[in-house]
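First the structure, in the form of structure tokens, and then the observations on it.
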Amino acid sequence: MDDEIRERNARAKQRQIAFFEALPQALRDEEDSIPVVVRAMNASSRSKLQRIYRLADAIMEHREPFVACKKGCADCCHMNITISTEEAARIGAASGRTVVKLLNSVQRETSAFAGIPCPFLEAGAACSIYADRPLVCRNHASFDEDAKLCNPNLMNDVRMPVVNYAGIEEAFGSLVLASKNSVLADIRDFFFFF
């Protein structure tokens, strides 16, 4: 399987490069400048988060031809999903679910939730909070040609190319750091569904 993984990885890298080449320059420029824009905004954390989400969604619209991710595929919903307090509040408001108040960030092993579905996954393949899904879900994508290696039994053992949205991540990080009560934890820590 090692040869197959190397070959798949090489093809995924080519798809990733093709995605970057197809991404409009205006979006690349906006992604580069988003940290400065968000820090300069005289707005609520909610508004800043919405600005970050809009950019992530705009970029996502261009990646569909290059990724294995399709409607109905939910393998990535069976892995760790780290979110912020701000995102948990947004999800709680949208879903009507009670948010567990966490006083400290919770860092988990990469494999901690491998195979355990997100508490907002319905019917095994539909996200019940899709419009309000966290940034990690908006940014996640597999550049492989299919979802074979996304299987929860393999996802933490095989490393495939991923997109590093440095500007978006920096803007999100500054948003989290600016909030004195913000913590990071898995979505399952904020919402008990077990």
Side-chain angles (χ1 to χ4, degrees), residues 1-35 49-84 87 90-91 110-173 186-187:
M1 183 140 168
D2 288 342
D3 286 340
E4 178 189 359
I5 290 172
R6 273 193 293 279
E7 290 171 13
R8 290 176 77 95
N9 201 302
R11 289 191 303 272
K13 185 68 176 166
Q14 290 303 313
R15 291 165 64 97
Q16 178 193 38
I17 291 167
F19 161 70
F20 278 123
E21 290 172 353
L23 196 61
Q25 186 64 46
L27 277 178
R28 287 189 250 170
D29 293 344
E30 187 176 354
E31 204 276 332
D32 286 342
S33 66
I34 191 80
L49 185 60
Q50 185 60 36
R51 177 77 179 253
I52 294 167
Y53 281 0
R54 274 196 307 271
L55 177 57
D57 290 346
I59 291 171
M60 185 186 77
E61 288 177 16
H62 293 275
R63 73 177 184 211
E64 188 174 327
F66 307 100
V67 297
C69 311
K70 305 291 181 236
K71 186 175 183 172
C73 176
D75 284 339
C76 61
C77 302
H78 294 80
M79 64 190 303
N80 292 13
I81 304 166
T82 301
I83 67 172
S84 69
E87 290 178 301
R90 179 185 170 113
I91 292 166
T110 306
S111 61
F113 293 109
I116 299 173
C118 171
F120 295 99
L121 187 63
E122 291 182 339
C127 177
S128 65
I129 57 164
Y130 190 79
D132 294 289
R133 70 198 183 284
L135 184 63
V136 67
C137 298
R138 292 168 195 268
N139 285 347
H140 186 82
S142 169
F143 284 93
D144 204 354
E145 60 256 13
D146 59 36
K148 179 180 178 179
L149 298 179
C150 297
N151 181 297
N153 296 325
L154 299 172
M155 68 175 57
N156 292 312
D157 297 328
V158 177
R159 297 287 172 227
M160 295 296 282
V162 295
V163 176
N164 179 11
Y165 300 100
I168 288 174
E169 292 298 329
E170 182 181 336
F172 181 75
D186 190 88
I187 197 167

Exercise for review: Can you measure from CD1 (Ile91) to CD1 (Ile129) and round to the nearest 0.5 angstrom?
Suggested key: 4.0 Å
Check your understanding: Within a strict 4.5 Å, meaning less than it, do heavy atoms of the Ile83 and Ile187 side chains meet?
Key -> yes
**Study point:** Atom pair CG/OG1 of Leu135 and Thr82 - distance to nearest 0.5 Å
**Key:** 11.5 Å
Point to revise | Interatomic spacing from CD1 in Ile17 to CZ in Arg15 - rounded to 0.5 Å | key: 12.5 Å
Exercise for review: Just grab all the ring-ring contact (aromatic ring centres under 6.0 Å, His included) pairs involving residues 49-72, residues at least two apart or on different chains.
Suggested key: none
Point to revise | Reported CZ-to-CE distance for the pair Arg63 and Met60, which is rounded to 0.5 angstrom | key: 6.0 Å
Point to revise | salt bridge (charged side-chain N to carboxylate O under 4.0 Å, His left out) pairs, two or more places apart, involving residues 121-145 | key: Arg8-Asp144, Arg8-Glu145, Arg11-Glu145, Asp57-Arg133, Asp57-Arg138, Arg90-Asp132
Point to revise | Which atom of Phe113 lies closest to which atom of Asn80, heavy atoms considered | key: N-OD1, 3.0 Å
Exercise for review: Sequence neighbours left out, what passes salt bridge (charged side-chain N to carboxylate O under 4.0 Å, His left out) with Arg51? Give chain and number order.
Suggested key: none
Study note, to complete from the structure: For Cys137 and Ile81 the tightest heavy-atom approach is SG-CG2, 3.9 Å
Practice item. Write down the atom of Asp32, the atom of Pro35, and the distance for their closest heavy-atom approach. Key: O-CD, 3.5 Å
Give every donor-acceptor pair under 3.5 Å between a side-chain atom in residues 161-171 and any protein atom, sequence neighbours left out.
from	atom 1	to	atom 2	distance (Å)
Glu169	OE2	Asn139	ND2	3.2
Glu170	OE2	Arg39	NH1	3.2
Glu170	OE2	Arg39	NH2	3.4

Return all side-chain donor-acceptor pairs below 3.5 angstrom for residues 69-79, not counting sequence neighbours, or 'none' if the list is empty.
from	atom 1	to	atom 2	distance (Å)
Lys70	NZ	Glu64	O	3.4
Lys70	NZ	Val67	O	3.0
His78	ND1	Ala74	O	2.9

Point to revise | OG-CZ distance between Ser33 and Arg28, expressed to the nearest 0.5 angstrom | key: 14.0 Å
Review point. Hey, what do you get for CZ (Arg6) to CD (Glu4), rounding to the nearest 0.5 Å?
Key: 11.0 Å
Review point. Under the ring-ring contact (aromatic ring centres under 6.0 Å, His included) rule, what pairs show up with a residue in residues 121-161, not counting sequence neighbours?
Key: Phe19-Phe143
Practice item. Might you point out which heavy atoms bring Pro117 and Leu121 nearest each other, and give the distance in Å? Key: CB-CD2, 4.0 Å
